[in-house]
Amino acid sequence: MNAAKISETFDRNLFKTSQVKREADRAQANRDELAQRIAQAIPTDGTIEPLKGLHFNRSCTPSECNHSVSIPAFCAIAQGSKAVLLGSDRYQYDPMHYLLATVELPIVSQILEASQAQPFLSLRLDLDPTLVGSVMVEAGHPSSRSRAEVKAIDVSPLDANLLDAVVRLVRLLDSPAEAHVLAPLIKREIIYRLLIGDQGDRLRQIAVLGGYTHHIARAVDRLRKEFNQPLRIESIARDLGMSVSGFHHHFKSVTAMSPLQFQKQLRLQEARRLMLGENLDATSAAYRVGYDDASHFNREYKRLFGAPPMRDVERLREAARAPVQ
């Protein structure tokens with residue numbers, strides 16, 4: 001290789017190295033700005049919705065396991081880290097990764113890293129399936145031809161371009177007039193970047209209700225509406241045009257739990273809400289959500305939440321009454 005080619009190769013490699021460094025510096029600057037802006041928008045622990053569909057969360061302490069129901073959403077962390085459990089599957093993410101949820105499912109979440117000096121700061125952008133489908137069509141992305149089931153939750157690296165779009169959306173909090181016009185456009189950009197990213201196939205398949213994921217999404221919706229009714233697997237599988245064994249297999253592939261486990265978590269979470277929010281006693285809550293045996297309800301409740309029903313509810317009330325540090 002002559003001197004000219006050596007020099008050309010050296011210059012090209014130097015340019016690539018410099019480009020990689022610029023990208024890394026830009027991403028770090030965006031992470032720092034995102035943390036600063038969320039901290040300013042929510043100065044005390046809690047959650048807010050500064051723009052429609054955009055939610056901020058702040059916590060100065062790690063949390064216990066929190067039982068809730070996921071919704072279709074893009075979730076990013078500006079500072080700290082968090083774990084989400086779906087059945088037996090565990091997903092952990094931090095400022096370098098994002099979590100994408102595409103079906104409403106019972107989950108357990110826990111903030112892992114948080115302190116007074118560096119509070120946990122995160123955002124959640126709700127995803128409208130109609131909007132996802134619109135962006136997909138506009139971008140010319142065909143629906144997935146795969147008939148395979150797709151996990152309802154996953155974690156992927158947060159690339160610089162997606163992070164940049166997120167930061168630009170958050171900046172609009174300073175300009176309400178601009179937010180009215182630009183926020184919908186940036187939300188579409190975020191969805192587009194998700195579609196062309198690591199989880200694009202899964203998001204596309206959910207958006208167009210393709211493959212077995214559509215059937216499972218329908219089953220999830222039915223179970224959520226009829227959670228207090230006896231579970232009739234044969235009827236659900238027949239209505240979906242699936243065999244019982246096939247339904248079980250695909251349901252667990254998407255939700256990481258069996259239909260019975262799914263229904264049980266829905267029932268117990270609703271019972272907890274009834275006792276906490278409507279002051280029902282354990283027996284009344286148990287019957288309301290479909291349990292015929294109160295002792296069986298107590299055992300399953302303790303297994304899920306770590307304490308008997310009324311003791312757990314009292315613990316939650318005490319935590320709510322405790323002053324924020």
Side-chain angles (χ1 to χ4, degrees), residues 65-75 82-93 97-110 124 126-129 132 143-144 146-156 194 198-273 289-290 300-301 303-305:
C65 291
N66 176 45
H67 295 258
S68 61
V69 175
S70 69
I71 63 172
F74 161 77
C75 305
K82 186 176 186 178
V84 172
L85 297 176
L86 175 63
S88 59
D89 295 339
R90 184 176 189 273
Y91 303 92
Q92 183 171 332
Y93 64 118
H97 299 83
Y98 70 90
L99 179 142
L100 190 65
T102 47
V103 177
E104 294 185 5
L105 295 171
I107 59 170
V108 180
S109 58
Q110 183 178 22
R124 185 187 88 220
D126 299 341
L127 298 177
D128 178 357
V132 174
S143 62
S144 173
S146 171
R147 294 286 293 176
E149 61 280 340
V150 182
K151 281 288 184 186
I153 288 179
D154 208 353
V155 169
S156 294
L194 291 171
D198 292 345
Q199 300 193 52
D201 285 342
R202 188 167 63 86
L203 187 57
R204 282 196 293 274
Q205 192 173 29
I206 295 285
V208 299
L209 304 178
Y212 290 114
T213 302
H214 168 41
H215 296 303
I216 302 310
R218 286 171 55 196
V220 165
D221 184 60
R222 178 168 169 178
L223 286 172
R224 284 183 55 77
K225 292 177 179 176
E226 303 175 0
F227 70 89
N228 59 348
Q229 302 298 315
L231 184 61
R232 297 184 174 88
I233 295 296
E234 294 81 1
S235 174
I236 297 175
R238 182 176 60 251
D239 291 347
L240 296 177
M242 302 171 71
S243 67
V244 171
S245 61
F247 172 67
H248 267 284
H249 170 74
H250 294 299
F251 191 95
K252 191 163 187 177
S253 294
V254 172
T255 69
M257 63 190 85
S258 70
L260 182 60
Q261 290 172 324
F262 181 86
Q263 184 195 56
K264 184 188 302 182
Q265 288 205 25
L266 288 178
R267 285 181 168 184
L268 294 173
Q269 287 187 27
E270 175 62 10
R272 195 187 209 192
R273 187 195 69 79
V289 301
E300 293 200 332
Y301 190 101
R303 188 178 299 120
L304 180 62
F305 295 117

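Only heavy atoms go into these numbers, but all of them, side chains included; no hydrogens, no water, no symmetry mates.
Within the model, atoms CZ of Phe251 and CD of Gln261 stand 9.5 Å from one another, a figure rounded to the nearest 0.5 Å. Taking CG of Leu127 as the start and CG of Leu203 as the end, the distance is 6.5 Å to the nearest 0.5 Å. We find the CE-CD distance between Met257 and Gln263 to be 12.5 Å, quoted to the nearest 0.5 Å. For the atom pair NZ of Lys252 and CD1 of Ile216, the computed distance is 13.5 Å after rounding to the nearest 0.5 Å. If you take NE2 on His250 and CG on Leu240, they are separated by 11.0 Å, rounding to the nearest 0.5 Å. The distance from the CG atom of Asp126 to the CZ atom of Phe74 is 12.0 Å, given to the nearest 0.5 Å.
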request  = For Ile107 and Ser68, run side-chain contact (heavy atoms from CB on, under 4.5 Å): C-alpha distance rounded to whole Å, both residues' side-chain angles, the deciding distance at 0.1 Å, then the answer.
outcome  = CA-CA 6 Å; Ile107 59 170; Ser68 61; 3.6 Å; yes
message = Show, in sequence, the C-alpha distance, side-chain angles and deciding distance for Leu260 and Leu231, and conclude whether the side-chain contact (heavy atoms from CB on, under 4.5 Å) test is met.
response = CA-CA 7 Å; Leu260 182 60; Leu231 184 61; 4.0 Å; yes
message = Before you tell me yes or no, could you show the steps for Val69 and Arg224 under side-chain contact (heavy atoms from CB on, under 4.5 Å), namely the whole-Å CA-CA distance, both residues' side-chain angles and the distance that decides it to 0.1 Å?
response = CA-CA 10 Å; Val69 175; Arg224 284 183 55 77; 3.3 Å; yes
request  = Take Val155 and Gln92, measure what side-chain contact (heavy atoms from CB on, under 4.5 Å) needs, and give me the verdict at the end.
outcome  = CA-CA 7 Å; Val155 169; Gln92 183 171 332; over 6 Å; no
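The two residues Phe305 and Leu268 make their nearest non-hydrogen contact at CE1-O, 3.7 Å. Taking all atoms of both residues into account, the shortest heavy-atom contact from Pro259 to Ile233 is CB-CD1, 3.5 Å. Shown here for Arg222 and Ser235, the closest heavy-atom pair between the two residues is NH2-OG, 3.2 Å. Cys75 and Arg124 make their closest contact through SG-CG, 3.7 Å (heavy atoms, listed as atom of the first residue, atom of the second, distance). The two atoms that bring Ser243 and Ala237 nearest to each other are O-CB, 3.9 Å, heavy atoms only. When all heavy atoms of Pro106 and Leu86 are compared, the pair lying nearest together is O-CD1, 3.7 Å.
Counting heavy atoms from C-beta on, the side chains of Pro72 and Glu104 come closer than 4.5 Å. Proximity of Leu105 to Val220: side-chain heavy atoms (C-beta onward) are separated by under 4.5 Å at one or more points. Using a 4.5 Å heavy-atom threshold, the side chains of Leu223 and Ile236 count as touching.
For Glu270 and Arg273, the salt-bridge test passes: some basic side-chain N is under 4.0 Å from an acidic carboxylate O.
Side-chain N or O atoms of Ser156 include none that pairs as donor or acceptor with a backbone N or O of Tyr98 at under 3.5 Å. A distance-only check finds a donor-acceptor pair linking the side chain of Thr102 to the backbone of Ala152 [under 3.5 Å].
Taking a 6.0 Å sphere around CZ of Arg232, one finds it holds 12 or fewer heavy atoms contributed by other residues, nucleotides or ligands.
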